[in-house]
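For reference, the structure discussed in these notes is given below.
In what follows, every chain begins at residue 1, and chains take the letters A, B, ... in the order their sequences are listed.
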Amino acid sequence: MLQYIVRRLLSAVPVMFGLSIILFAFIHLLPGDPAATILGQHARPELVAAMRQRLGLDLPLWQQYVNYMGDLLRGDLGRSFVNNRPVLDDFLIRFPGTIELTVAAMIYAAGLGIPLGRFAARRPQSTGDAIVTVVSLLGISVPIFVLGLTLQYGFSVQLRWLPATGRIDPRLTIEQVTHFMLIDTLLAGRVDAFIDALRHLILPAIALGSIPLAIITRITRAAVLDVANEDYVRTARAKGLREQRVDGRHIMRNAWLPVVTVLGLQVGGLLAGAVITETVFAWSGVGKWVVEAIEAHDYFVVQSSILMFAFIFLIVNLIVDVGYAFLNPRIRYS
Amino acid sequence: MTVTASRAPADVPETLLDVRDLLVRFRTHDGVIYAVNGISFELGRGERLGLVGESGCGKSVTNLAIIRLLPKPAGRIEGGQVLFDGEDLATLPENEVRHVRGRDIAMIFQDPMTSLNPVITIEEQMVETIVAHRKVSKRDARARAIELLGMVGIPRPETRLKSFPHQFSGGMRQRVMIAMALALEPKLMIADEPTTALDVTIQAQVLELISRLTTETGTSLILITHDLGVVAGMTDRINVMYAGFIVETATTQALFERPSHPYTVGLLHSMPRVDAHEGEPLIPIEGRPPDMRNAPRGCPFAPRCAWRLDRCWEDNPPLEPVERGVALVTTGPGATHRIACHNPPLPDEAELGRPTRPGHRPAPAPEGQLDELATLAAVVDGVTAELPR
Amino acid sequence: MATTVQGVRPGVAIEERASRGLWRDALSRLRRNKPAIFGMICITIFVTVAILAPVLAPYDPNKGGLGPSFAPPSSEHLAGLDKLGRDELSRVVWGARISLFVGIVSVTVGLCIGGIVGALSGGIGGWVDTVLMRAVDVMLSIPGILLAIGIVAWLGQGLPQIMLAVAFTNAPIFARILRGSLLALREAEFVTVSRSIGSGSGRILLRHMLPNALTALIVAATLALATAVIDVAGLGFLGLGPPDPRTAEWGTMLTDSTEALRRAPHLIFAPGIAIIISAIGFNLLGDGLRESLDPRLKR
């Protein structure tokens, strides 16, 4: 088991390494001059040259890469061109907002998707199954921004039930300690603010969670249907076990395996989707920050954020793989 | 037709299972599958019955129907009764059938590699079976599980209890299945091809184990197999099934001594035997089993039968005693030998495996019926005939 | 115990009649798949609108001042007017061109890149396979549209950049699928059979392996078209769309609507529905193709 975890950890190293090379290559090898991109199309050549020097772009390629890797390993992700602050610092301030959003979206997607998938699988080809299928088709076909805007219009503009933008009512001043709004409001002892923050979270989480919801529903349905046809489920029934136990223990215990893997993979989609969701809902997190950085040509911010997102995605899937091993004795005991 | 214990001779056992006119159909998108077509048979207490036939002939479906585990929603019992200990399992509410399963009727399935849940320990799978039907503590259930594993010959059962199925070999897994099946001392054990997936060397061990434990506990046994060699030493009586019908039923001894249905004759001749004479050929049963999507018409075996007459194509013969006029006994060592055939092979024909009476030719197939014998002849002649669909 | 087997099993001859060719079987199954038919109808609408945009669009998509800004839908302007008083419906109709064009080109480019990588990887194997698949792992570790955002951010805005960006997000998936089917097929029984009856390896590749690998790719490409339409609009929504702000592009049009959610909600619906219809079309067709090309999936 330990061996498996170590092996899995080691396998992530070349991917991280490759990731750094590819990100490096994007900046330095693809046509287009980042210095020119930063300064805009009509910048004077001297300025561009100065910028190239400042970025170290005049050095030989291998040296650029060594510098870049060295910085990376020291946790130096460069500085923002806009405010000259270390990128990592700003990232860490904004990341909690993204975590809050993605975790809420995941809870929504898994919390609803798994029961829906089980429901549909129990009655294949029924009306209920058909409705679930249509809903999951809409889930993967409706883009986040269309759903987000529609939710805003319906629930904020028309019904006025929920706030449309932001993480909390700007009139409430809460001391930012952890930068997790839900935690900070509780630390401040402000239940009203906590509820307000929670209300702000609902629409973005639904918008962001809709695609994972659809995928998780589909996978759960397929997995449960698959397992339900296994011989050992027939054995369980032949032993005279209650249907709840056959379903809850014998089927679900196995159906979890593909579902868990897919949950991990959805994290990637959630992080990417967060970029759009945060833009729609003016949610201050890494995603919105990245979009602002793109507009400002603040390319260290963009590059580092992508690197960090990919890193987090890898870590999450590593954790998922270990969790998978715990669920699956065939891996645990090998 | 039912023979109850009170009216029967002394050596007729008390009836445990009485299947009457069982009709099972599957309704799929591709049409109806006529899986079991009104079969009747009985099983006495402590009796061991073999159910023999090619795959797809309805053996497994019969048994899944008995414990009401037909694949839902396609498979349904569409007629008949399954009287078990006097109760009709076919109409019993689901909740009560559940208690019969595992407690009164236990099943062993074909593939031990897939019949145990891979992510649950042997301990839990055994304990849950016991706890589902008896009010016992988990500790007692666990003690019982250890005892059972010991009974089926698993070494160090205390430690092996914590294992997962993949840590056992196929033979060992089937032993675990047997232990689990015997956990509640069932009245009937149904073993569905229990050794087909195992190595030949392991097969005999597992069969011996099933045979010994069911005899010791007085458990009735239904053994499903396509292999006549397996049932020979294991059962008291045999039902031969074909296309969802019982085509021959007899005591094991009578069946081997005097096979009377062309299909049984074919089965015996397509099986390699140790006592075969030098140069005696294996004769395969020509053609394929019928497409169960077609409603039965005439004798189902007619397309492959060398003994067939014209009426065989139109008229499905009922299951009747080989010797007319004897009192019908349905269970026990004195059970009546019955076949469903219009033109049974004579003893010497059965011995040879083909019809020898002068002037006999298999009756030609009427328009629209598949004739497997003609198809075969065409292929052997090197002529690829256009086949009727 | 000396026994000889007599007679021939006619099974082989009989199986022949059942096979009617993969594609014809698949087509007949597809024709019975109602969701897939519905998907094809959606796609037909989408493609027709894109091709016939100049004929179908009631107004010039870039002509402003047709009426008051943000005018709601009326009988003259079925989808209302946008901020500059342009006809929203005409813009949505012209937007179909961009979506279709960018979608098809990017998926085709992605197929080419992914196809080459996958074929090299699965065909050659060894260290080539290891290196290429590691690279694919890396690309797949960058979550979806983020990779596209990164590429457009560095290459600058423009349709070719967008197409390349979306192509790069798809390519690793195609590469992995092709490699996977090549590896699986190399060991597949029917390939072993044709090799043992003496078919040359080129013939094996063409006649047997390719059609099977292709089916998986066709399904993936169809589904990728749905993602491509959504991703292109997503880039547009984030302000990374075509550089000319006047271009009628669905995602860019939606960005405009965010500013006026209260005054002009109609601006969400026309482009929103257009994106949804095309995505549903490709998703349904992809699922339908998967089910009909792989008979094992038949329920």
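- The environment of C/Phe38 atom CZ is sparse: at most 12 non-hydrogen atoms of other residues, nucleotides or ligands sit within 6.0 angstrom.
- Contact annotation for A/Ile276: both backbone and side-chain heavy atoms come within less than 4.5 Å of a heavy atom of chain C.
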Item checked: Test log, rule side-chain contact (heavy atoms from CB on, under 4.5 Å), inputs A/Val275 and C/Ile145 -> CA-CA 9 Å; A/Val275 177; C/Ile145 198 177; 5.6 Å; no
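- Rounded to the nearest 0.5 Å, atoms CD (C/Gln157) and CD1 (A/Ile294) are 9.5 Å apart.
- Using a 4.5 Å cut-off on side-chain heavy atoms (C-beta onward), A/Val157 and C/Pro265 make no contact.
- Chosen from C/Ile149, C/Asp137, C/Leu238, the residue pairing most often with chain A at heavy-atom distances under 4.5 Å is C/Leu238.
- Both the backbone and the side chain of A/Val142 come within contact range of chain C, judged by heavy atoms closer than 4.5 Å.
- For the pair A/Phe313/C/Leu140, no side-chain contact is recorded, criterion being any heavy-atom separation below 4.5 Å from C-beta on.
- Of the atoms belonging to C/Thr227, not a single heavy atom falls under 4.5 Å from chain A.
- Between the CG atom of C/Leu146 and the CG atom of A/Leu271 there is a distance of 8.0 Å, given to the nearest 0.5 Å.
- Note that CD1 of C/Ile280 and CG of A/Leu137 are 5.0 Å apart. Values are rounded to the nearest 0.5 Å.
- Using a 4.5 Å cut-off between heavy atoms, C/Ala233 touches chain A through backbone and side chain atoms alike.
- Smallest separation of non-hydrogen atoms from C/Ala279 and A/Ser141: CB-O, 3.4 Å.
- Contacts between A/Leu149 and chain C at a heavy-atom distance below 4.5 Å involve backbone atoms as well as side-chain atoms.
- Annotation: maximal heavy-atom pairing with chain A below 4.5 Å, among C/Thr255, C/Val152, C/Ile230, C/Val229, occurs at C/Ile230.
- With contacts defined as side-chain heavy-atom distances shorter than 4.5 Å, the pair C/Asp287/A/Arg218 qualifies.
- Note on ring orientation: taking the six-membered ring where Trp is involved, the planes of A/Tyr153 and C/Phe269 are perpendicular (angle over 60°, cut-offs 30° and 60°).
- When all heavy atoms of C/Arg134 and A/Ser11 are compared, the pair lying nearest together is NH1-O, 4.4 Å.
- Residues A/Val280 and C/Thr258 fail the side-chain proximity criterion, which asks for heavy atoms closer than 4.5 Å.
- Once rounded to the nearest 0.5 Å, the distance linking OG of C/Ser141 with CD1 of A/Ile306 reads 11.0 Å.
- Of the two parts of C/Ile268, only the side chain, counted from C-beta on, holds a non-hydrogen atom closer than 4.5 Å to a non-hydrogen atom of chain A.
- With a 4.5 Å cut-off on non-hydrogen atoms, A/Leu307 does not touch chain C at all.
- Between chain A and the options C/Leu240, C/Ile273, C/Ile277, C/Ile276, heavy-atom pairs under 4.5 Å are most frequent for C/Ile276.
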